[in-house]
There are 2 protein chains.
Amino acid sequence: MIRLLLADDQALVRGALAALLDLESDLEVVAQVGRGDEVVEAARASGAEVCLLDIEMPGMNGIDAAAAVRRELPGVRSLVVTTFGRPGYVRRAIEAGASGFVVKDTPARQLADAVRRVHAGLRVIDPDLAAESLIDGPSPLTGRERELLTHALDGSPVSAIAARVHLSEGTVRNHLSAAIGKTGAATRSEAARIAQERGWL
Amino acid sequence: MIRLLLADDQALVRGALAALLDLESDLEVVAQVGRGDEVVEAARASGAEVCLLDIEMPGMNGIDAAAAVRRELPGVRSLVVTTFGRPGYVRRAIEAGASGFVVKDTPARQLADAVRRVHAGLRVIDPDLAAESLIDGPSPLTGRERELLTHALDGSPVSAIAARVHLSEGTVRNHLSAAIGKTGAATRSEAARIAQERGWL
DNA sequence: ACCTCCCCGTGACACCTGTCATCCGCCGGC
DNA sequence: GCCGGCGGATGACAGGTGTCACGGGGAGGT
């Protein structure tokens, strides 16, 4: 019997996944949480062996949660399950110590198999995403560029971004100009969108 | 026995919801589709009585699908289930003839109840969203403003938008300026984001 | 020590953008 | 018939934006 922890901020999806996985005779959902920063504690308390982690969660994202599990509970394996198949996510999830990466587009019946493989010590990675992840390569953005792009995501003017991060407008424009060049975009707004799609933020 | 159709583009979520609802003794999932434009046909073929529709779907969105069901199969009721609790969505879903509106944050056990109420002819609407929907009011945007905002969502420069819709740059700027005023934003990019959050697009 | 890379800043320049005034044609309501 | 609202367009203007050149400081590698 494989003991599972589910982490997803959407209660409906979490409950539905629990129903789906509990149908399997060799799987048992022993814990459910809706926040990333509750994963380690719940996994420890419930004695979970495999954690199913969504990326988009309040408190802490699923990738950081996988890293925390890796650090605090070395025997427990993580399987990241997410809506968005962003290549950068795969790389970061694996680097964070996750054993698998599955998108929510995959057929429901394959999920239980993925869980079994991860539990057995194997890696499970969506083949298309793995290829994309290799093609795109790691993020070429510097720390500042990444930070400024996240603030540019909502279309704020440069002046607002500069005030938020306590930098001069000129510096902000220089960093964003570099990011625009690296993403091949024409505006900071487009650059921010592209970087997010690739999982660079 | 209530006959259900599920429409959600994420196969994993769709399968999981099916597992969850099939646990209820008085519910039966008789059809599953991953595209909005397959809903009517599948509902007709399977004899579904209630359709669970996600909004974000390829082919046709869940709100338009609800309208199509209303038109083609008057006896079938629709329950819109979505990730994003955007006030404008509630209004548009109800106007499209949906009998209920539920966000994916709601506890899993309440979903079956919502289905039963909708099947019984009652309306099911998230109370918080209903209130927000009334406060925000309907969209103040004109048709062109809405169209241009959707093209501005990705941060494209005005020149690109103008070329895409075959308008002069000046006209595009005028419409976007009006939209910026109506949304209280400072840039077209921010205006587009705000409009989308409110379900005006 | 030297080089490289990142970070921060300034100044200048061309271009893009948001705003406003003003015009036109069209349609629906009164 | 008149008026208001929408769509489309132009011109002008202030201010925002992207780019480039240049400088300076600090951390890390050889």
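Quick caveat: nothing in here was measured; it's all calculated off a predicted structure. Throughout, a chain's letter reflects where its sequence line sits, starting with A, and its residues are numbered from 1.
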Rounding to an integer number of Å, can you tell me how far [X] [atom1] sits from [N] [atom2]?
X: A/Ile180; N: D/dG16; atom1: CD1; atom2: P; answer: 17 Å
X: A/Arg188; N: C/dT17; atom1: CZ; atom2: C1'; answer: 10 Å
X: A/Leu141; N: C/dC5; atom1: CG; atom2: C1'; answer: 15 Å
X: B/Leu148; N: C/dG18; atom1: CG; atom2: P; answer: 12 Å

Inset, instruction - Let me know, please, whether A/Pro157 or B/Pro140 comes out on the 5' side of the other along DNA chain D by nearest nucleotide. - result: B/Pro140

Nucleotide N/O to protein N/O under 3.5 Å, stretch nucleotides 7-11 of chain D:
{"residue": "D/dG7", "atom": "OP1", "partner": "B/Gly143", "partner atom": "N", "Å": "3.4"}
{"residue": "D/dG7", "atom": "OP1", "partner": "B/Arg144", "partner atom": "N", "Å": "3.3"}
{"residue": "D/dG7", "atom": "OP2", "partner": "B/Thr142", "partner atom": "OG1", "Å": "2.7"}
{"residue": "D/dG8", "atom": "OP1", "partner": "B/Arg144", "partner atom": "NE", "Å": "3.2"}
{"residue": "D/dG8", "atom": "OP1", "partner": "B/Arg144", "partner atom": "NH2", "Å": "2.4"}
{"residue": "D/dG8", "atom": "OP2", "partner": "B/Arg144", "partner atom": "NE", "Å": "2.2"}
{"residue": "D/dG8", "atom": "OP2", "partner": "B/Arg144", "partner atom": "NH2", "Å": "3.3"}
{"residue": "D/dA9", "atom": "OP2", "partner": "B/Ser168", "partner atom": "N", "Å": "3.1"}
{"residue": "D/dA9", "atom": "OP2", "partner": "B/Thr171", "partner atom": "OG1", "Å": "3.3"}
{"residue": "D/dA9", "atom": "N6", "partner": "B/Asn174", "partner atom": "ND2", "Å": "3.4"}
{"residue": "D/dT10", "atom": "O4", "partner": "B/Asn174", "partner atom": "ND2", "Å": "2.9"}

Inset, instruction - Output yes when B/Arg193 and B/Glu197 qualify as a salt bridge under the 4.0 Å nitrogen-oxygen rule, no when they do not. - result: yes

Legend entry - Electrostatic pair A/Asp26-A/Arg116, nearest N-O below 4.0 angstrom: yes

Sidechain-backbone polar pair: [X] side chain, [Y] backbone, donor-acceptor under 3.5 Å:
X: A/Arg91; Y: A/Ser133; value: yes
X: A/Thr171; Y: A/Leu167; value: no
X: B/Thr187; Y: A/Gly155; value: yes

Inset, instruction - Please lay out, stage by stage, how B/Ser139 and B/Arg198 fare under the test side-chain hydrogen bond (donor to acceptor under 3.5 Å, both in side chains). - result: CA-CA 8 Å; B/Ser139 168; B/Arg198 299 200 185 155; over 6 Å; no

